[in-house]
Amino acid sequence: MKKHLRKLFLSMLIFTPLIFSGCKPNAYYGNITSISAIAGDEEVLLSWTNTELYNGYTLNVDVQKDGQWIEGFKEIDGTSILITKATIENAQSQGYFPDGELENGTTYTFIVYTKDKSGSLVHSKSTTATPSASNEIVIDADDIDDAFTEIPKDKGIVKISGINGKSVAYVNYNSSTSKEIAAGNERYYLGYAGGNSSGATTNIVSTNTSSRAALSEDAGMTMPEIKEPLTRPFIAPEKVTVVKSSARAAETDEEKETFDVTAPAIGQTHYIWVDNNYAMNQLVKEKMTLYAIGNQTTEDDTSKIKALVWANPDNVAETASENKVSLALIQDIISKYTKYYALEEDIFGETRDFIINSSGEEDMSDYPTSTYINIVLTDIAKDYTSSKKTGVVGYFWGKDYYNKELVNYSNEGKYFYIDIPYCNYNKTDQNYNGNSNTVSDMVISTLFHEYQHMIHYNKKYGLKSDEDTTWYNEMLSMLCEDLMSNTLGIVKGETVQDERIPTFNVYYPLSGISEYLDSESWISYGTAYAFGAWLARNYGGVNLVEEMSKNAYVGKESVVNAVNSINSTNLTWEDLVKEYLQAVVFRSAYSKENNLPTFNKTPKGSGCTRSFDIKTPTIKIATSLENPNAYALTTVYAGTISGSFDGINLWADDFAYEEGNHKLYGPWTFNSNALDIRPEGFLIHSTGSNWNGGDYDYVKLYFTGTDSDTLKLYLFVQDGFSYYTEDTTAAEEIN
């Protein structure tokens with residue numbers, strides 16, 4: 001009795017036909033738009049895409065061997081067919097394919113074509129393939145060396161033994177740095193066939209790629225609705241205007257400012273350009289008062305001024321709330337800055353004291369605020385109202401490093417801008433009613449984030465790169481938040497991990513690893529942080545971050561050089577990406593058990609952490625709203641501060657997300673044809689839930705091929721798991 005193999009037909013992307021003035025020309029119906037053939041052991045997987053078949057049109061497949069035509073398969077209903085001995089027997093029973101099975105080592109030509117209802121040819125495409133057992137990728141699911149496998153572009157049949165109880169996923173990765181891969185053009189999983197030791201294969205089983213155990217018809221394919229975050233990043237406007245009337249008044253009144261750069265004192269005033277609208281492309285001068293002075297912590301002379309805190313008196317009140325800051329809150333800001341900035345400078349480097357002019361650079365010491373750090377408290381974007389809250393938490397803007405001849409709205413110094421409403425934001429209650437006159441964790445974390453940008457602007461000034469390195473700059477700032485979060489005492493729920501990892505887990509496909517989106521840049525923050533967080537936890541901790549910050553490179557070049565310098569390795573960017581993708585796909589328990597790449601490591605070895613002894617910093621703080629010159633001199637508790645990294649479990653409850661009534665864990669998994677793949681972006685796909693091979697000795701998985709040199713397909717095999725179950729594996733401490 002003949003064994004029959006059921007043909008596999010899957011619906012793929014149907015291209016919309018072109019329509020002109022209601023006319024439907026045949027040329028745009030039934031076209032074969034692509035074709036690929038993947039050869040295996042006496043079999044070929046043929047797949048194609050085609051436009052819509054018009055009424056009465058048919059799709060056919062023929063085969064040619066040694067220049068001789070072999071009548072093949074008629075009226076195919078899908079977009080793929082697995083041609084094996086069994087399918088040929090089936091075709092022979094219907095009067096087709098008289099020459100028997102496909103022979104290994106023989107090259108065949110496969111023609112896919114469409115006909116109209118009269119039998120006339122509409123369109124065709126052809127390709128060749130040579131069956132061979134060596135074309136198949138052979139994997140032992142119990143062999144950890146096979147847990148991660150790259151599938152070459154001309155291969156797509158994967159023979160896996162020991163698959164019972166395993167979970168198999170695959171990743172489409174776009175290695176291009178500039179071009180995306182359109183949805184539907186990625187490689188995708190077609191289905192599987194089981195086999196036994198005699199070589200016989202069972203019927204091929206149509207794939208059910210609906211991941212997440214089929215929560216719904218579209219589960220695992222449709223990304224959850226994008227929800228804008230509370231905050232928005234600062235983006236320097238391309239064109240800036242000034243509020244001329246206010247600016248003229250300020251210029252007239254400027255002689256009355258009292259700031260003495262040689263002897264700063266509480267209560268002195270100074271005119272500072274600040275943003276004046278939501279787009280942040282309009283600036284106005286405001287007369288600011290000096291409310292706090294922080295002194296150097298790293299030199300014997302602790303009276304040396306390091307930082308000044310400015311605010312408009314209109315935004316200062318007895319109690320911190322909404323768009324008002326209190327003297328106690330100002331003291332909290334200056335105390336934390338003067339205590340912890342030295343740790344950041346030790347790791348990332350110090351700022352440079354220069355101003356850019358038309359002929360190059362000049363010493364900043366001769367400018368209005370000399371080399372002091374200026375922390376300006378203001379209502380950023382002037383966007384706080386009872387109905388519309390704030391957006392930007394804080395920012396550093398390099399325009400202040402230019403003199404006024406080049407940028408007439410430059411403040412000509414080292415400036416940070418901090419949003420007063422966010423100083424008062426209470427995340428628990430989601431309001432701006434204040435935090436008992438202490439600054440929010442969000443603002444303190446942002447302050448040190450922005451300080452890295454200022455250091456970066458100076459350390460990397462003049463370095464050139466072929467890539468946009470904004471992602472790299474932001475990655476370093478978020479790593480600064482990360483390594484300082486414990487010593488800053490950032491509460492659970494407000495750390496950079498808490499903010500960025502959930503974004504990454506769901507929205508990672510929307511931004512490439514080294515990409516920074518001009519719109520929805522908050523998604524790029526998630527992808528940049530995730531890559532940097534993995535990198536630091538595996539290749540040197542704080543020591544690696546320091547090397548990236550201080551070496552003479554930017555972007556990917558800086559990353560690769562730092563990794564190899566610290567670890568005495570010879571890795572490439574591509575090597576790091578492959579390891580990173582494994583850390584994203586393999587769950588923590590499996591990674592820890594089998595020593596695979598993971599986020600869930602706490603580096604504790606020499607250089608991986610940093611301890612720093614600070615001297616006792618002193619601060620001057622205003623003590624009276626009525627008498628702006630009144631101040632108190634106080635000290636800040638000194639001692640040892642440190643920076644380090646804790647392990648991250650992507651599948652922990654802290655980073656879970658909701659779909660319907662279910663809580664799901666880990667990076668989102670997609671069906672085929674889900675999304676465009678961004679440059680250096682990727683999509684994780686499931687081949688179904690945990691495998692049960694039945695009575696098979698092995699199964700063969702079938703994937704489409706590609707002509708693209710930038711599309712990479714990676715296969716991942718690990719122990720079975722449930723997307724509904726948290727992975728509670730503790731972080732591994734490494735030396």
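We use all heavy atoms of the structure for the numbers below, so side chains are in, but hydrogens, waters and symmetry mates are not. We count residues from 1, following the sequence as given.
Side-chain rings of Y461 and Y401 stay apart, their centers remaining 6.0 Å or farther from each other. Taking the six-membered ring for Trp and the full ring otherwise, Y417 and W397 have centroids separated by 6.0 Å or more. Outside the 6.0 Å centre-distance limit, the rings of F504 and Y529 are not counted as a close aromatic pair. Close placement of the F259 and H270 rings is indicated, their centers lying within 6.0 Å of each other. Between H453 and Y395, the ring centre distance reaches or exceeds 6.0 Å. Aromatic rings from W273 and Y415 are positioned such that their centres are separated by 6.0 Å or more. In this structure, Y580 has its ring center under 6.0 Å from that of W534.
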Inset, instruction - Apply side chain to side chain donor-acceptor pair (under 3.5 Å) to E499 and Y525, showing your working. - result: CA-CA 10 Å; E499 183 178 9; Y525 279 66; over 6 Å; no

Inset, instruction - Verify ring pair (Phe, Tyr, Trp, His ring centres under 6.0 Å) between W310 and Y372, making sure each step is shown before the conclusion. - result: CA-CA 12 Å; W310 303 91; Y372 308 138; 9.5 Å; no

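Between the side chain of K404 and the main chain of S410, no donor-acceptor pair closer than 3.5 Å is present. Remark: the backbone N or O of N551 is paired with a side-chain donor or acceptor of K460 at under 3.5 angstrom. The main-chain N or O of L517 is found under 3.5 Å from a side-chain atom of S524 such that the two form a donor-acceptor pair. Checking side-chain atoms of D332 against main-chain N and O of A328 turns up no donor-acceptor pair under 3.5 Å. Between the side chain of Q282 and the backbone N or O of V243, no donor-acceptor pair lies under 3.5 Å. Remark: side-chain polar atoms of Q268 are not paired, donor with acceptor, to backbone N or O of L290 under 3.5 angstrom.
Considering only residues two or more places apart in sequence or on other chains, D468 meets the salt bridge (Lys or Arg N to Asp or Glu O under 4.0 Å) condition with none of them. Partners of K414 under the salt bridge (Lys or Arg N to Asp or Glu O under 4.0 Å) rule, at least two apart in sequence or in another chain, are D353. The salt bridge (Lys or Arg N to Asp or Glu O under 4.0 Å) test applied to D346 returns R610, not counting sequence neighbours.
In this structure the side chain of E515 never reaches within 4.5 angstrom of the side chain of T527, judged on heavy atoms. A heavy-atom distance below 4.5 Å is found between the side chains of K556 and W471.
Salt-bridge formation is detected for the pair K306/E345: a Lys NZ or Arg NE/NH1/NH2 atom is positioned less than 4.0 Å from an Asp or Glu carboxylate oxygen. Residues D654 and K492 are paired through a salt bridge, judged by an N-O separation under 4.0 Å between the basic side chain and the carboxylate.
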